[in-house]
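Notes follow the structure.
Lettering of chains follows the sequences in order, A, B, ..., and the numbering in each one begins at 1.
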Amino acid sequence: MRRALFMLTMVVSVAGAAQPMVSIPDGRFAPLFGLDVGQQAFPIAGFRIDVRPVTRARFAAFLSANPQWTKARVAKALADEKYLDGFDAKTNPEAPVTGISYFAARAFCADRGGRLPTTLEWEYVAAADETRRDAAREADFAQRILDWYGKPNRPDDLLQPGSPRNVYGVEALHGLVWEWTDDFNGLFVTGDNRQDGDKDPKAMCGAGATGSARREDYAAFMRYAMRSSLTPRSSLPRLGFRCVMNVERSTP
Amino acid sequence: MRFLLSLCLATSALAAPEEKNVLALPTQWNTEAGKRTTLEAWKGRHYALTFVYTSCAGSCPLTTKKLKRLDAALEKAGKPLDLVIVSLDPSHDTPEQVKQYRARYGVEDAKRWNVLVGDDAQVRTLTMLLEFKYTKNPESGVILHDNTVFLVGPDGSVQTSMSSLDQPMEAFIDAVPASPARGQKRPSR
């Protein structure tokens, strides 16, 4: 009986239970980039988000059901050669899955009926600390994030908790892994900016920093830089993801 | 000779096999005639593919004018291609808007032009497959975007690409095979 209960618990905790999510309320947020002259903040429609990054165990279950995303079978157009390098769901199954391409992360979320968060949504949630919804410009919070970013990577860091539960109930947005966003490559900080008149002049060279909405938020600047370095096929040992779901809205 | 061989090897290493493929994931679109279609409809043939949105006042007019020049130059070279133009703004680009867009550029009856409209998720998928970057300002609706025209091959892979703004199009035209296979079925639109 005890053994049966144990087995049942294992099944529920690894594959059966829905991944815990929390609700994020409607709000307004001023991202580091993207605001035009005269715009103070963008409206955000509420959504639900995973409490923690997607785990190895959950990704392994996805691979079993969707073998086209296994390392052996994934199309070259959808993942680079580092995809799922050393992936082992049996060792530390609750650690975040990493080494997955954007396309694979997106497919996982779609399979759950969700999607990847937009960069705006991700940054909105990640600006919160344990008590404040927008702490990104608070020196203490900013410094904690930068301290995490400055830490050398060690393999067992993936077992660390990451940043504590924030005011929304979301955990480990900082200090564990970088995370894919649905529009991660949407920022135009490139060498071409001064030639291409259609691009955002605030994201050009030095203006990329001084023209941003939140100059104090150097941690966000690092995240945007990190995302800009990726292609959708990139598979990195410290890059994971979490999913969001839309909230049904009744029309007035 | 050895130097030439090294040079060739170096060049081929730089020109690694193109991994971008528009058929790697399925995407669904509406044609101007209101029919559902996928890019599988163009499988087996070369075509040019790019993205615009009809209310775009920035680079899209230049892109569209360049597509007209490309269309004419390809015809002159005996290499006519379908042009597939995907809307970056599906919520705004209704069939009526697309009709006005065609009229604005004098391509009402251009049979090789195909304007496809899907939804935001389809646009995101296809642009990611091509690493074509864009971002929409959530309040003003203005879309900042790349200006790339892709030459897609019969298997959906990208053969070459060019800027639709300031890059000469000779290399793009040269990359189109001289004698496209005859008897291929034209997708209905």
| query | Are B/L129 and A/L78 close enough, and set up right, to give a side-chain contact (heavy atoms from CB on, under 4.5 Å), and what steps lead you there? | reply | CA-CA 8 Å; B/L129 288 171; A/L78 302 179; 3.7 Å; yes

Note: B/E19 and A/A77 closest approach over all heavy atoms is O-CB, 3.0 Å

Q.
Please determine whether the number of non-hydrogen atoms from other residues, nucleotides or ligands lying under 6.0 Å from atom NZ of B/K43 exceeds 12.
A. no

When rounded to the nearest 0.5 Å, the distance separating CG of A/D36 from CG of B/L144 is 7.5 Å

If one checks every heavy atom of A/D182 against chain B at 4.5 Å, the contacting part turns out to be both

Shortest non-hydrogen pair, B/M128 vs A/N185, comes out as CE-OD1, 3.2 Å

Okay, B/S163 and chain A: the region with an atom under 4.5 Å from a heavy atom over there is neither

Residues of residues 38-46 of chain A with a heavy atom under 4.5 Å from any heavy atom of chain B, in residue-number order, are A/Q39, A/A41, A/F42, A/P43

In terms of heavy-atom contacts, B/P138 and A/L120 come closest through CG-CD2, 4.4 Å

Residues A/F103 and B/L25: closest non-hydrogen pair is CD2-CD1, 3.7 Å

If one checks every heavy atom of A/R115 against chain B at 4.5 Å, the contacting part turns out to be neither

Worksheet item: So, do B/K133 and A/D183 sit near enough that their side-chain heavy atoms are less than 4.5 Å apart?
Response: no

